[in-house]
S.K.: 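Can you keep this structure in mind? I'll have questions shortly.
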Amino acid sequence: MARPRNPRPLPPALLLLLPLLLRAGDHLPTEGRLTNSCIQARRKCQADPTCNATYHYLNSCASSISTSSPAEEPLVPEDCMEAAQQLRNSSLMSCTCHRRMKNQATCLNIYWTIHPARSLGDYELDVSPYEDTVTRKPWKMNLSKLNMLIPDSDLCLKFAMLCTLNDKCDRLRKAYGEACSGSRCQRHTCQRQLRAFFEKASEPHSQGLLLCPCAPTDQGCGQRRRNTIAPSCALPPEAPNCLELRHVCVSDPLCRSRLADFQTHCHPMDILGTCATEESRCLRAYMGLIGTALTPNFVSNINASVALSCTCRGSGNLQEECERLEESFSHNPCLMEAISAKMRFHSQLFSQDWAASTFSVMERQNKNPALRLQPWVPTLFSCTLTLILLLSLW
């Protein structure tokens, strides 16, 4: 009877590699969670009779706040402001929402109920209703599918094809494509489907589609990029006054929230374009406006300049205010640099070696150490290849 064969010991080189491979997993980033949802805070408030009564009073204040036209100076009744002050020690005052959460509309309604002054467009630079839970997972896309793409096609077409190869991205893109096509498109339906795409599709796919780099001479690529948001349906046929658009926006809790988020994260700190927060948050806030009354888009097919689809003609005494709003998109150095950096990154993606694509597509975030490419990644990739080779020879 043959004696059972003893397992062969692992090669010494493999034993040296295992601790590195195991430790590497400890550095994998994780995604933050919403810490104080307005829905949760509202439930806590309901358990307190005083807090609950004050909240109901604030809720009734909404009907007494006048915002009949962009030119009028809206006022919050003094008793409503006093009621809001009574909740300053409540968890409601620091509650936030998230773009991808369930019941987002309910959460935002609670937020604006307890911040009546902000409901009027009194936007400070740190009052976004959204807790920006930065994704700390590797930014990666299955670039192994690149060999299925046309080698000489422009990058916008390649990102469109990558979206098609992803079931979820393809389904969401087709949904807004159908809603936004045809001569009788319904703008509200089109915008709703656009919001669904940019909220639910993964960021690598949605940002790749919207922020794909094009050569200045490649107008076909630039046109494809401009048409990503179906402007013929999503945008008004004639440019309205920008202040009128803003008035429509602040009348809607969702659009008001996205505008406040944009003003928070895309605020330039200096003429060099340094953002008040990370560039990734500015891009997320910018894309959050797509599908709202203040939907921005690329200006032409030959460059990456963006602007609102509106004009400041006829603004009268509010001309300067209107121009400030318009220039917060068209001449915003923070936003321009964030878009340029993302386009450079997308261009680099397609110049990488496919053999290293699994790890090379992890984006470097220079301004946020928690999001930088970890130094162990290249080593891990080399070790993995060595491990596979050793096991095949063992």
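When reading the values below, keep in mind they use all heavy atoms of this one structure, side chains included, and skip hydrogens, waters and symmetry mates. All of these numbers come straight from a predicted model, not from anything done at the bench.
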S.K.: What closest approach, in Å, do Ala276 and Thr264 show between heavy atoms, and which atom pair accounts for it?
M.R.: CB-O, 3.9 Å
S.K.: Verify the cluster assignment for Leu209 and Leu235: are they in a single hydrophobic cluster under the rule of side-chain heavy atoms below 4.5 Å apart?
M.R.: no
S.K.: Look only at the side chain of Gln46 and the backbone of Asn52, and say whether a donor-acceptor pair between them is shorter than 3.5 Å.
M.R.: no
S.K.: Could you check whether any side-chain N or O of Asn109 sits under 3.5 Å from a backbone N or O of Pro253, counting only pairs where one atom can act as donor and the other as acceptor?
M.R.: no
S.K.: Looking at side-chain heavy atoms only, is the closest gap between Glu178 and Gln193 below 4.5 Å?
M.R.: no
S.K.: Is the His346 ring parallel, tilted or perpendicular to the Phe159 ring (thresholds 30°, 60°)?
M.R.: tilted
S.K.: List for me each residue that meets salt bridge (charged side-chain N to carboxylate O under 4.0 Å, His left out) alongside Lys44, sequence neighbours excluded, and say none if there are none.
M.R.: none
S.K.: If you compare the SG positions of Cys45 and Cys51, is the separation below 2.5 angstrom?
M.R.: yes
S.K.: Inspect the contact between Arg171 and Asp167 and indicate whether a charged nitrogen and a carboxylate oxygen are less than 4.0 angstrom apart.
M.R.: no
S.K.: Show the nearest heavy-atom pair for residues Val127 and Ala260, with the distance to one decimal.
M.R.: O-CB, 4.5 Å
S.K.: Sulfur to sulfur, is the gap between Cys61 and Cys80 shorter than 2.5 Å?
M.R.: yes
S.K.: Mind checking whether Arg246 and Cys242 have side chains closer than 4.5 Å, heavy atoms only?
M.R.: no
S.K.: Among the clusters formed by ILVMFWY side chains lying less than 4.5 Å apart, do Val306 and Leu259 turn up in the same one?
M.R.: yes
S.K.: Would Cys190 and Cys180 count as a disulfide (SG to SG under 2.5 Å) if you check the C-alpha gap in whole Å, the side-chain angles of each, and the deciding distance to 0.1 Å?
M.R.: CA-CA 5 Å; Cys190 172; Cys180 300; 2.0 Å; yes
S.K.: Between Ile290 and Met343, is there shared hydrophobic-cluster membership here, with clusters defined by ILVMFWY side-chain heavy atoms closer than 4.5 Å?
M.R.: yes
S.K.: Verify disulfide (SG to SG under 2.5 Å) between Cys249 and Cys255, making sure each step is shown before the conclusion.
M.R.: CA-CA 5 Å; Cys249 180; Cys255 187; 2.0 Å; yes
S.K.: Working to the nearest 0.5 Å, report the span between CG of Leu172 and OG of Ser206.
M.R.: 10.0 Å
S.K.: Would you confirm whether Lys168, through its side chain, and Lys200, through its main-chain N or O, come within 3.5 Å as a donor-acceptor pair?
M.R.: yes
S.K.: Show me the pairs that pass ring pair (Phe, Tyr, Trp, His ring centres under 6.0 Å) and involve residues 163-195, at least two apart or across chains.
M.R.: Tyr176-Phe197
S.K.: Identify which one of Arg281, Gln104, His98 satisfies the side chain to side chain donor-acceptor pair (under 3.5 Å) criterion when paired with Tyr130.
M.R.: Gln104
S.K.: Decide whether Phe298 and Phe198 are clustered together by the hydrophobic rule: side chain heavy atoms of Ile, Leu, Val, Met, Phe, Trp, Tyr closer than 4.5 Å, transitively.
M.R.: yes
S.K.: Between Glu279 and Lys342, is there a salt bridge with N-O shorter than 4.0 Å?
M.R.: no
S.K.: How about Glu82 and Gln86: does a side-chain donor come under 3.5 Å of a side-chain acceptor?
M.R.: no
S.K.: Would you kindly confirm whether Phe345 and Leu162 end up in one hydrophobic cluster when ILVMFWY residues are joined by side chain heavy atoms under 4.5 Å apart?
M.R.: yes
S.K.: Regarding Cys334 and Cys266, I want to know if their SG-SG distance comes in below 2.5 Å, which is how I'm defining a disulfide.
M.R.: no
S.K.: A quick test of your reading: do over 12 heavy atoms of other residues, nucleotides or ligands sit less than 6.0 Å from NE2 of His331?
M.R.: no
S.K.: Quick one: are the Cys107 and Cys97 sulfurs under 2.5 Å apart?
M.R.: yes
S.K.: Please report the shortest heavy-atom distance between Leu210 and Arg225, naming the atom on each side.
M.R.: O-CG, 3.5 Å
S.K.: Indicate the atoms forming the closest heavy-atom contact of Pro236 with Arg187, along with that distance.
M.R.: CA-NH2, 3.6 Å
S.K.: With a 4.5 Å heavy-atom cut-off, do Cys95 and Ile114 have their side chains touching?
M.R.: yes
S.K.: Once rounded to the nearest 0.5 Å, what's the spacing between atom CZ of Phe329 and atom OG of Ser309?
M.R.: 12.0 Å
S.K.: Between the side chain of Arg88 and the main-chain N/O of Gln85, is any donor-acceptor distance below 3.5 Å?
M.R.: yes
S.K.: I need the minimum non-hydrogen distance between Ser257 and Leu108, along with the two atoms involved.
M.R.: OG-CD2, 3.3 Å
S.K.: Does this structure show an ion pair linking Arg344 with Glu337, if we count only N-O contacts that are shorter than 4.0 Å?
M.R.: yes
S.K.: Got a second to check how far Leu155's CG is from Arg224's CZ, nearest 0.5 Å?
M.R.: 10.5 Å
S.K.: What distance do Met101 atom CE and Thr96 atom OG1 have between them, rounded to the nearest 0.5 Å?
M.R.: 8.0 Å
S.K.: Looking at NE2 of His115 and CG of Leu58, how far apart are the two atoms once the value is rounded to the nearest 0.5 Å?
M.R.: 10.0 Å
S.K.: Does some side-chain heavy atom of Leu283 sit less than 4.5 Å from a side-chain heavy atom of Ile339?
M.R.: yes
S.K.: Could Glu199 and Arg258 be called an ion pair, given the rule that one side-chain N must be under 4.0 Å from one carboxylate O?
M.R.: yes
S.K.: Are the sulfur (SG) atoms of Cys214 and Cys221 separated by under 2.5 Å?
M.R.: yes
S.K.: Is it the case that the side chain of Asn332 and the backbone of Leu335 share a donor-acceptor pair, with hydrogens and angles ignored and the cut-off at 3.5 Å?
M.R.: yes
S.K.: Check whether Asn297 reaches the backbone of Leu308 with its side chain - one donor and one acceptor, N or O, closer than 3.5 Å.
M.R.: no
S.K.: Could you walk me through whether Thr292 and Gln191 pass the side chain to side chain contact (heavy atoms under 4.5 Å, CB included) test, one step at a time?
M.R.: CA-CA 6 Å; Thr292 69; Gln191 291 177 340; over 6 Å; no
S.K.: Please say whether more than 12 non-hydrogen atoms of neighbouring residues, nucleotides or ligands are located less than 6.0 Å from CD in Gln186.
M.R.: no
S.K.: So which heavy atom on His265 is nearest to which on Thr277, and how close?
M.R.: ND1-OG1, 2.9 Å
S.K.: Do Arg284 and Arg99 come within less than 4.5 Å of each other through their side chains, counting heavy atoms only?
M.R.: yes
S.K.: Got more than 12 heavy atoms from elsewhere within 6.0 Å of CZ, Arg100?
M.R.: yes
S.K.: To the nearest 0.5 Å, tell me how far Trp112 CH2 sits from Leu254 CG.
M.R.: 11.0 Å
